[in-house]
Amino acid sequence: MLRLSVRHGRIGVVRVAVVPGPGRAGLLCPLDDHGGRAGVPIAVDDLAAAIRERERSAPDRGHSTGGGPIAGSAIRWVWFATAALYPALARADAVVARCHDISLTEALLRTRDAAARDGARGASAAGEPGEPASDAAWQRLLDYRPGPAEPGVGYPPDTTYPPDTTYRPNTTYPPDTTYRPNSSYRPDGGPIQPALFDPDQVGTQPPADPRAALDALIEVHASQVARIAADPHPARFALLAAAESAGALAAVEMSLAGLPWRADVHDSILTGMLGARPPAALGAASRLGGPQAAARPRRLTELAAQISAALGTRQPVNPDSPGQLTRALAAAGIRVSSTRLAALREVDHPAIAPLIEYKELARLHSAFGWAWLDTWVADGRFRPEYVVGGVVSGRWASRGGGALQIPRLLRRAVVADPGWVLVVADAAQLEPRVLAALAGDRAFAAAAAAGDLYNALAGHFGGDRAKAKVAMLSAMYGGAGGEAGQLLAVLRQRFPAAAGFVEAAAQAGQEGRTVRSALGRTCPPPSARWRALTEEASDPDSERDPQAGLALRARGRFTRNFVVQASAADWALVMLARLRARLTTIPAGADGRASVPELVFFQHDEVIVHCARSLADDVAAAVSQAAADATRLVFGPTPVVFPLTTAVVECYADAK
DNA sequence: GGTCGGGGCGCG
DNA sequence: AAAGCGCGCCCCGACC
């Protein structure tokens with residue numbers, strides 16, 4: 001980690017600023033160590049070709065981060081938004097090893113600095129939040145954002161929203177959140193930040209004035225380099241920015257490659273569970289019986305009838321409607337706190353079994369049924385769009401297709417191409433191991449040096465592995481119900497440093513402060529509403545609002561979890577970046593095919609590589625080396641191990 | 001007609 | 001068994 005250059009992330013890597021346009025052309029400008037111009041801008045007719053050529057002619061000659069040489073060039077391309085520019089480049093075979101994503105890095109920096117500004121504002125109530133020195137250049141850069149992309153130029157056509165859906169930002173936020181990197185959503189009237197990247201607005205259609213855009217880009221980049229260097233831990237923050245940017249490259253490449261998806265297998269799973277695919281609903285006629293009436297498959301229709309019969313309702317009850325369902329259950333003498341599966345399972349009544357089956361099948365049908373298949377799977381591939389940095393903790397989000405919520409039973413449909421395999425790697429018990437490394441708790445670290453963490457802890461909990469797990473989860477999530485409180489007390493006694501670490505994070509959150517991940521990703525500051533609510537309550541003259549205590553504890557749980565989840569995301573992101581680099585060093589297989597291993601899926605702590613069977617061992621080795629790289633880069637020397645369970649399978653469902 | 005919040009549930 | 005954290009997206013129903 002110390003070998004990282006503060007200014008450049010890596011010794012020997014040069015930076016080149018990139019602005020697209022006009023047309024297929026573009027502007028390049030080499031940068032010096034401080035991000036200033038190291039030459040005059042170079043206009044190129046074919047940007048993809050120019051980048052491709054420079055990637056090939058500037059090889060990385062063994063500059064090492066300690067984990068061995070990396071294939072690819074020694075250029076770090078500096079551009080506004082990977083998600084906007086890189087799809088077109090990658091499709092034109094201009095695959096790059098490294099980039100610096102200005103928009104993602106700006107989001108990291110602004111979230112970091114929002115905390116300080118927020119604190120300052122607390123002192124002078126009416127004061128404007130202090131803006132970074134680069135703000136004028138940043139605004140200019142946003143002004144140069146191009147209009148909507150032309151067809152085939154911006155996002156690849158197969159990864160844009162399906163025509164019949166509209167994206168709406170999620171509406172359930174932690175009560176104290178004011179800002180998320182890729183969202184202009186303002187949940188509670190808190191300070192709004194500029195939308196850093198809007199896929200509807202940003203395409204690769206070039207800015208009207210590329211030279212002016214280049215000026216703004218270079219200015220913002222220089223400011224980012226300086227602001228990274230000013231971080232209390234500049235090397236870590238530089239690594240975070242580099243990993244976030246590498247993740248953005250990987251995300252685009254994964255969307256282009258797609259996850260192998262057998263539509264025929266998926267269809268037979270649906271048919272087996274739901275009955276044959278119902279004919280398409282026919283416009284207005286079908287709506288007379290409700291939008292779903294014509295489209296409800298046979299099995300769901302049967303179950304709905306059984307539910308109504310068992311409840312003895314005069315009118316058919318729609319099990320999709322919590323309101324109708326609650327009333328019908330009440331009429332049958334059943335009172336439930338909600339119509340969730342968990343609550344229903346407590347009830348003993350003939351209507352419950354078909355109702356539970358209905359809810360499970362209806363979920364499959366509506367979220368991952370035939371309509372999903374039609375919309376999201378083409379040419380044997382599922383191509384979701386990943387949103388790097390879309391979660392406050394640094395986890396990725398996805399847009400369309402529910403890519404990160406694929407039901408486990410549909411893993412049967414994820415099948416490698418003939419002669420190819422899936423290398424499925426899953427970080428085992430990542431979050432508790434991250435806590436062990438973060439807290440530097442020697443006793444806990446010793447337990448985390450073992451294979452199964454919870455088995456190793458079980459001895460401290462009367463030999464009960466399940467209790468050890470509950471204690472850990474409670475510590476990381478802030479749960480205290482049931483016997484969790486007792487188990488937490490045991491944890492606190494045996495592992496005071498680990499318990500103290502998360503409790504300090506919770507305390508910081510309750511006091512309105514922010515916390516940071518291992519690499520320096522910062523949680524959002526509390527919203528104005530949260531501050532008002534909690535400050536009012538702390539005033540002895542005011543009436544005590546029960547909402548205030550709830551909000552206080554909710555933010556404590558949020559920051560308590562943030563330090564663990566976000567540091568785990570740091571580790572996973574660095575692992576992904578290192579794996580991506582290492583995969584390029586694997587020589588082509590003996591079968592002579594152009595068989596480069598492809599990253600095809602990434603889900604928080606799990607990664608899938610699709611490769612020729614002959615390369616599976618090399619890929620598996622790259623995975624474990626990448627994990628070791630990540631552990632060293634994120635946590636430095638630590639006794640904690642981060643084992644990956646790696647399976648080489650033809651079908652994802654066989655991975656574990 | 002469309003929008004939006006709630007309830008619910010899939011994943012980690 | 002669920003809970004405590006983080007998400008996306010479905011349907012429903014209130015509302016404009």
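Just so it is clear: chains get the letters A, B, ... in the order the sequence lines come, proteins before strands, and each one is counted from 1. Atoms considered below: every heavy atom in the structure, side chains included; atoms not considered: hydrogens, waters and symmetry mates.
No hydrogens or angles considered: a donor-acceptor pair under 3.5 Å links the side chains of Ser517(A) and Asp570(A).
Side chain of Thr559(A) to backbone of Phe562(A): no donor-acceptor contact under 3.5 angstrom is found. For Arg112(A) (side chain) and Ala107(A) (main-chain N/O), no donor-acceptor pair under 3.5 Å exists by modelled atom type.
Aromatic ring centroids of Trp261(A) and Trp372(A) lie under 6.0 Å apart.
Residue Ser321(A) has its side chain nearest to dC12(C) when only dG6(C), dC12(C), dG8(B) are considered. Counting only heavy atoms from C-beta on, Arg363(A) has its side chain closest to dC9(B) among dA3(C), dG12(B), dC9(B). Taking every side-chain heavy atom of Arg557(A) into account, dC5(C) is the closest of dC5(C), dG8(C), dG7(B). Taking the side chain of Asp320(A) as heavy atoms from C-beta on, and the options dG6(C), dC12(C), dC11(B), the nearest nucleotide is dC12(C). Nearest to the side-chain atoms of Gln324(A) among the listed nucleotides dC12(C), dG13(C), dC11(C) stands dG13(C). For Gln405(A), counting side-chain heavy atoms from C-beta on, the closest listed nucleotide (dG6(C), dG13(C), dG8(C)) is dG8(C).
Residue Leu341(A) is in sugar-phosphate contact alone, with no base atom involved, counting any heavy-atom pair closer than 4.0 Å across all strands shown. No contact: Arg553(A) has no heavy atom under 4.0 Å from any strand. Among the atoms of the strands shown, none is found under 4.0 Å from any heavy atom of Ser474(A).
One can place CG of Leu410(A) at 18 Å from P of dC9(B), the figure rounded to the nearest angstrom.
Summary of the strand contacts: Gly402(A) and Arg340(A) both lie near DNA chain C, and taking for each the nucleotide with the nearest heavy atom, the more 5' one is attributed to Arg340(A). Mapping Gly323(A) and Asn561(A) onto DNA chain C by nearest heavy atom places Asn561(A) closer to the 5' end of the strand.
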